[in-house]
Amino acid sequence: QVQLVESGGGLVQAGGSLRLSCAASGRTFSRYGMAWFRQAPGQERKFAAAITWSGGSTYYADSVKGRFTISRDNAKNTVYLQMNSLKPEDTAIYYCAAAGGSISGSYYDTRTYDYWGQGTQVTVSS
């Protein structure tokens, strides 16, 4: 069982930056592939970024590529999402997710992930 708690959301102006954190409980955090999804009002939850258990591979949605960076610190049981050059369309609730199996083939699919956090709100003003 893994529990995930996101933090770091808030209100920022367009062009600004935020860093989200996701703290995970459990001693087997290093075995989980991790991802960030986001959900805007009235829309489905969409993939943003993912990282394999080792950190050796990362994946990004086209809409965030070059602006967002996902990373992890297995010693701290934490995964991060550094978000730069934020745009109003980045406004959403951001969710952290953990997958017990490989994510390489389906990192973008919500069904790949076994555990979810409660989410943190990110609002980007124009």
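These numbers come from a predicted model, not from an experiment.
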Thr91 side chain to Pro88 backbone, donor-acceptor under 3.5 Å: yes

Thr120 side-chain N/O to Gly9 backbone N/O, donor-acceptor pair under 3.5 Å: yes

Thr58 side, atom OG1; Met34 side, atom CE - distance, nearest 0.5 Å: 14.5 Å

Sequence neighbours excluded - side-chain hydrogen bond (donor to acceptor under 3.5 Å, both in side chains) pairs with any residue from residues 1-26: Ser17-Asn84

Single-linkage hydrophobic cluster Phe68~Tyr108, side-chain heavy atoms < 4.5 angstrom: no

Ring-face cation contact, Tyr80 with Arg72, 6.0 Å cut, 45° max: no

Trp36 side chain reached by Leu20 side chain, heavy atoms, under 4.5 Å: yes

For the student: nearest non-hydrogen atoms of Ala24 and Leu4, plus distance: CB-CD2, 3.6 Å

Any donor-acceptor N/O pair, Asp90 side chain to Lys87 backbone, under 3.5 Å: yes

Side chains of Trp53 and Phe29 in contact at under 4.5 Å (non-hydrogen atoms): no

Minimum-distance pair of heavy atoms, taken over all atoms of Lys76 and Thr78: O-OG1, 2.8 Å

Close side-chain approach of Phe47 to Val64, heavy-atom, < 4.5 Å: no

Full working for side-chain contact (heavy atoms from CB on, under 4.5 Å) between Gln39 and Tyr95: CA-CA 8 Å; Gln39 187 167 18; Tyr95 296 92; 3.9 Å; yes

Closest non-hydrogen atom pair, Gly119 against Ile93: CA-CG2, 3.8 Å

Test of ring centre spacing under 6.0 Å for Phe37 and Trp116: yes

Beyond-backbone contact of Thr110 with Thr112, side-chain heavy atoms, under 4.5 angstrom: no

Geometric class of the Tyr59/Tyr107 ring pair [parallel <30°, tilted 30-60°, perpendicular >60°]: parallel

No-hydrogen, no-angle side-chain donor-acceptor test under 3.5 Å, Arg38 and Ser63: yes

Lys/Arg-Asp/Glu bridge criterion (N-O < 4.0 Å) met for Lys65, Asp62: yes

Transitive ILVMFWY side-chain link Tyr94 to Ile103, under 4.5 Å: no

Min side-chain heavy-atom separation Leu18-Leu86 under 4.5 Å: yes

Gln118 CD: over 12 foreign heavy atoms closer than 6.0 Å: no

Nearest heavy-atom neighbours spanning Tyr113 and Ala99: CD2-CB, 3.6 Å

Sequence neighbours excluded - disulfide bond (SG atoms under 2.5 Å apart) pairs with any residue from residues 22-105: Cys22-Cys96

Min side-chain heavy-atom separation Ile70-Tyr60 under 4.5 Å: yes

Exceeds 12 heavy-atom contacts within 6.0 angstrom, atom CZ of Arg31: no

Close side-chain approach of Leu11 and Gln121, heavy atoms under 4.5 Å: no

Any side-chain heavy-atom pair of Ile51 and Val79 under 4.5 Å: yes

